[in-house]
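As structure tokens, the structure follows; a few thoughts come after it.
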Amino acid sequence: MNWENSTLDMGRSETFRTARDLSGPARGTTSGRHERMAKSSKLSKDDWLYRLRHSLSHIMAQAVLEIRPGARLGFGPPVENGFYYDFLLDEPVSDAEFLDLEQRMRRIIAENQKFERALRPVAESLCFLEDRRQPLKVEYAQDLARRGESSLSFYRNGPFEDMCEGPHLESTGEVPENCFRLDSVAGAYWRGSEKNAMLSRIYGLAFPSAADLQRFLERRDLAKERDHRKLGQLLGIFTFDDDVGRGLPLWLPNGTTVRDELEALAREVEFRGGYQRVTTPHITKGGLYRLSGHLSHYKDSMFPPMHISDEDEDEDYYLKPMNCPHHHKIYASRPRSYRELPLRLAEFGVVYRYERSGQCAGLLRVRGMCQNDSHIYLANEQVKEEVKRVLELHRVYYEMFRLKDYWIRLSLRAPDSEKYVGQADLWELSEKVVREVLQELAIPFVEELGEAAFYGPKIDFQMQTLLGREETAATTQLDFVMAERFGLEFTDRDGQKRRPYIIHRAPLGTHERFLSYLLEHLNGAFPTWLAPVHVRILPVSEKFLGYAARLRAELVQDLFRAELDEGNERLNKKVLEAVTHKIPNLFVVGGRDQEGGTVSWRRYCRGNEQKVVRFEDARGILRTLRAGRVMDNFPDVAVPGW
RNA sequence: GCUGCUGUAGCUCAGUGGUAGAGCGCGUCCUUGGUAAGGACGAGGUCAUGGGUUCAACCCCCAUCAGCAGCUCCA
């Protein structure tokens with residue numbers, strides 16, 4: 001890509017998307033953010049399905065009160081795929097009781113209880129809720145009253161009555177047969193704050209018909225097969241070990257191969273983009289993080305210090321949670337001229353963050369990770385152009401891999417929050433610059449307050465994982481604070497010393513998260529250039545082992561990751577084994593091939609399609625696939641010679 | 001960190017208060033084969049770890065570690 005002449009016409013690109021474009025793969029449950037997204041784009045209150053789900057949540061609450069009469073009710077809304085209800089319970093409900101609860105729900109449905117709405121004045125509502133010993137509802141009613149509501153809405157069906165906005169079905173009998181199922185029970189804080197009590201949330205699935213429910217369950221089971229944790233094990237990508245520690249993946253040979261290839265790609269892309277590579281240590285004295293502000297603003301996410309105390313030294317060392325301070329020190333290692341700017345320092349930097357124990361999940365959230373990191377030092381007037389180039393970099397990767405399940409977030413500070421450093425006017429300026437860049441490029445984005453880094457606003461690429469979680473896949477941050485803190489400067493054209501701006505950017509995020517994303521996105525089927533094994537050779541029988549071994553030796557000489565299946569098995573079995581492991585290219589060789597100097601080439605992405613090709617030609621095609629990083633895992637991508 | 005569930009062979013899982021099983025995988029042999037599982041035999045487990053109850057614990061209880069789902073967090 002020619003950076004100087006790049007037109008940066010991302011507005012016309014299909015690459016960048018908004019939250020609304022997310023199609024939403026099968027999901028069992030939704031996180032808070034997804035609920036926000038779902039609310040903005042999914043069911044409206046008038047939808048029958050909305051009312052069905054909402055009504056089922058009341059029906060479930062009625063059933064729960066039958067087996068736990070002392071249960072205190074929280075909230076019970078409809079959500080994507082179904083509904084939930086939160087309860088404060090004396091005794092926990094376990095999923096072993098779901099069958100019983102479902103039976104009670106079916107009975108309530110069979111009783112065809114009418115849903116009836118009543119409006120009560122606030123004072124009467126509070127009395128009613130106190131009578132029913134529903135302290136959580138009382139608290140909420142008081143809130144509503146403070147907000148100026150004069151009367152509150154209640155819904156009653158049979159013996160169950162709940163303060164609720166509605167709307168609901170006409171009666172419980174409207175619920176189609178077998179259209180719901182209780183799904184899971186999980187903890188949830190009252191009103192979403194961990195300072196509050198933990199309630200028991202029971203999730204249910206509900207769809208317009210039994211068939212829709214079945215379809216959903218099947219889709220969800222299928223999705224589980226694509227889970228990167230499952231694929232990672234199947235394909236020998238990574239593993240975890242209790243003795244090593246939570247959130248600390250061990251990368252197996254196949255996984256390391258994929259990482260190496262990704263790094264090679266990023267190295268080339270960044271070399272062309274004018275980046276220089278640097279390398280920095282994993283541990284660092286505390287002073288650096290006092291200077292950067294990490295110890296006052298990021299300490300909770302850092303591993304505790306290693307204290308060194310002997311006659312020479314009395315010092316705390318920390319595992320680095322970010323690479324930026326080190327890169328700033330490299331910038332500061334000698335005087336800088338405006339001629340050097342933008343100065344782009346890049347590193348596959350390994351950082352360690354102390355994630356709370358419940359947060360780790362496969363490769364998605366880890367405690368040790370490798371960032372595709374870079375810090376760009378530049379003059380004020382260069383900022384906009386450089387942010388555009390950085391976004392262009394994202395486009396290279398996202399288009400190449402056809403990544404689509406994400407949305408772009410402009411992460412701003414919450415103005416009244418204590419957690420940010422720097423002056424307010426500089427914040428406003430930086431936020432304005434970043435917003436303008438996105439607007440000028442016509443990239444769709446969503447602004448969110450309180451999501452900024454402590455030193456500046458961010459452009460985050462928020463990805464959606466297979467099972468519905470959302471994580472930041474890539475980030476670009478504009479930093480006007482650290483140069484000040486580190487005393488960074490450059491000599492400008494006029495001989496004056498000036499502060500550089502800093503852009504932090506990681507288009508591939510971390511290797512861990514990016515690969516988890518890629519594994520799920522590609523369903524483990526890597527293109528030839530990226531695959532742990534480029535080609536596996538399957539001799540039809542032992543008689544052709546010699547021929548097969550010669551081909552393999554030649555491919556290995558050519559630096560192909562070529563394997564030979566020497567197993568004493570029938571060809572059927574060997575094909576099954578290779579296909580199960582999603583190996584992109586199989587060369588089947590037997591007598592006919594040995595005579596003709598050919599291979600029977602079977603490609604994973606094209607099903608059973610295969611071709612007899614002279615070995616020399618096959619090798620040439622493989623070279624083309626590798627050198628051009630052809631995405632031959634996508635069936636519509638043309639492969640030369642095929 | 002919080003709530004709930006789970007931890008048995010490399011993997012997926014069954015099982016019982018009297019020290020364990022299947023399928024796949026792995027090894028050896030037979031078979032010498034042309035595109036999604038040929039056959040036989042065999043090796044593999046301190047039943048996550050540490051306590052406790054019991055004549056006896058893989059099973060019951062407690063704690064710890066780890067995983068899963070969710071909540072919260074992700075500055």
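Heavy-atom distances under 4.0 Å link RNA chain B to D242(A), R246(A) of residues 235-255 of chain A, given in residue order. Looking at residues 292-302 of chain A, you'll see H297(A), Y298(A), D300(A), S301(A) sit with a heavy atom under 4.0 Å from some atom of RNA chain B.
If you take CD of E97(A) and P of G4(B), they are 12 Å apart, rounded to a whole angstrom. Here U32(B) presents its C1' atom at 12 Å from CG of L571(A), a figure rounded to the nearest Å.
Side chains of T510(A) and Q371(A): no donor on one and acceptor on the other come within 3.5 Å.
Applying the salt bridge (Lys or Arg N to Asp or Glu O under 4.0 Å) rule to E102(A) yields no partners; only residues at least two apart in sequence or on another chain are considered. When the ring pair (Phe, Tyr, Trp, His ring centres under 6.0 Å) test is applied to F240(A), the partners found at least two apart in sequence or on another chain are F238(A). Remark: K432(A) engages E436(A) in a side chain to side chain contact (heavy atoms under 4.5 Å, CB included) (not counting sequence neighbours). Judged as a salt bridge (Lys or Arg N to Asp or Glu O under 4.0 Å), and not counting sequence neighbours, E566(A) has no contacts. Annotation: salt bridge (Lys or Arg N to Asp or Glu O under 4.0 Å) contacts of D227(A) (sequence neighbours excluded): R229(A). For Q477(A), the side chain to side chain contact (heavy atoms under 4.5 Å, CB included) test picks out A453(A), Y455(A), K458(A), T475(A), H504(A), with sequence neighbours left out. By the side chain to side chain contact (heavy atoms under 4.5 Å, CB included) test, D565(A) pairs with R536(A), L538(A), K574(A), sequence neighbours left out.
Comparing U35(B), U32(B), G38(B) against the side chain of K573(A) picks out G38(B) as the nearest. Checked against U31(B), U3(B), C71(B), the side chain of N568(A) finds its nearest nucleotide in U31(B). Side-chain proximity of R229(A) to C68(B), G70(B), C71(B): nearest is C68(B). Set against G4(B), U35(B), G1(B), the side chain of S357(A) has G1(B) as its closest nucleotide.
Ion pairing between a basic and an acidic side chain is recognised when a charged N comes within 4.0 Å of a carboxylate O; K611(A) and D617(A) show no such pairing. Using a cutoff of 4.0 Å between basic side-chain nitrogens and carboxylate oxygens, E97(A) and R68(A) are scored as salt-bridged.
Taking the six-membered ring for Trp and the full ring otherwise, F75(A) and Y140(A) have centroids separated by under 6.0 Å.
For U35(B), the OP1/OP2 oxygens have no side-chain nitrogen or oxygen of R592(A) closer than 4.0 Å.
In this model, a side-chain donor or acceptor of Q359(A) finds a partner on the base of C73(B) within 3.5 Å. Counting atom types as modelled, D593(A) pairs a side-chain N or O with a base atom of G34(B) as donor and acceptor under 3.5 Å. Y189(A) contributes a side-chain N or O that forms a donor-acceptor pair with the base of G1(B) under 3.5 Å. Counting distance only, with no hydrogens placed and no angle test, the side-chain atoms of S94(A) and the base atoms of G4(B) include no donor-acceptor pair under 3.5 Å.
Among the heavy atoms of the strands, none lies under 4.0 Å from K195(A). Within the nucleic acid shown, S193(A) has no heavy atom closer than 4.0 Å to any nucleic acid atom. Across all strands, G192(A) comes closer than 4.0 Å only to sugar-phosphate atoms, never to a base (heavy-atom distances). Counting any heavy atom pair closer than 4.0 Å across all strands shown, R365(A) reaches a base atom.
Spacing of P atoms, U8(B) relative to C2(B), comes out at 24 Å, to the nearest Å. Atom P of C61(B) sits at a distance of 16 Å from the matching atom of U54(B), rounded to the whole Å. Nucleotides C65(B) and G50(B) are separated by 10 Å at their C1' atoms, to the nearest Å.
Stem regions annotated for RNA chain B: B:1-7 with B:65-71, B:10-13 with B:21-24, B:26-30 with B:38-42, B:48-52 with B:60-64, counting only runs of 3 or more consecutive pairs of Watson-Crick or G-U type with both contacts under 3.5 Å.
Remark: the backbone N or O of T528(A) is paired with a side-chain donor or acceptor of D632(A) at under 3.5 angstrom.
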Table please: side-chain donor-acceptor pairs of residues 356-370 of chain A below 3.5 Å, with sequence neighbours left out.
unit_1: R356(A); atom_1: NH2; unit_2: E194(A); atom_2: OE1; d: 2.9
unit_1: R365(A); atom_1: NH1; unit_2: E471(A); atom_2: OE2; d: 3.3
unit_1: R365(A); atom_1: NH2; unit_2: E355(A); atom_2: OE1; d: 3.1
unit_1: R367(A); atom_1: NE; unit_2: E355(A); atom_2: O; d: 3.0
unit_1: R367(A); atom_1: NH2; unit_2: E355(A); atom_2: O; d: 2.7

Short N/O separations, protein against nucleotides 11-15 of chain B, under 3.5 angstrom:
unit_1: C11(B); atom_1: O3'; unit_2: Q233(A); atom_2: NE2; d: 3.1

- request: Given side-chain contact (heavy atoms from CB on, under 4.5 Å), test S292(A) with R485(A) step by step and report yes or no.
  value: CA-CA 7 Å; S292(A) 66; R485(A) 294 201 161 214; 5.8 Å; no
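The side-chain tip of R552(A) does not point at the ring of Y547(A) from less than 6.0 angstrom away and within 45° of straight on.
Comparing A186(A) and M198(A) against RNA chain B, the residue whose closest nucleotide sits nearer the 5' end is M198(A).
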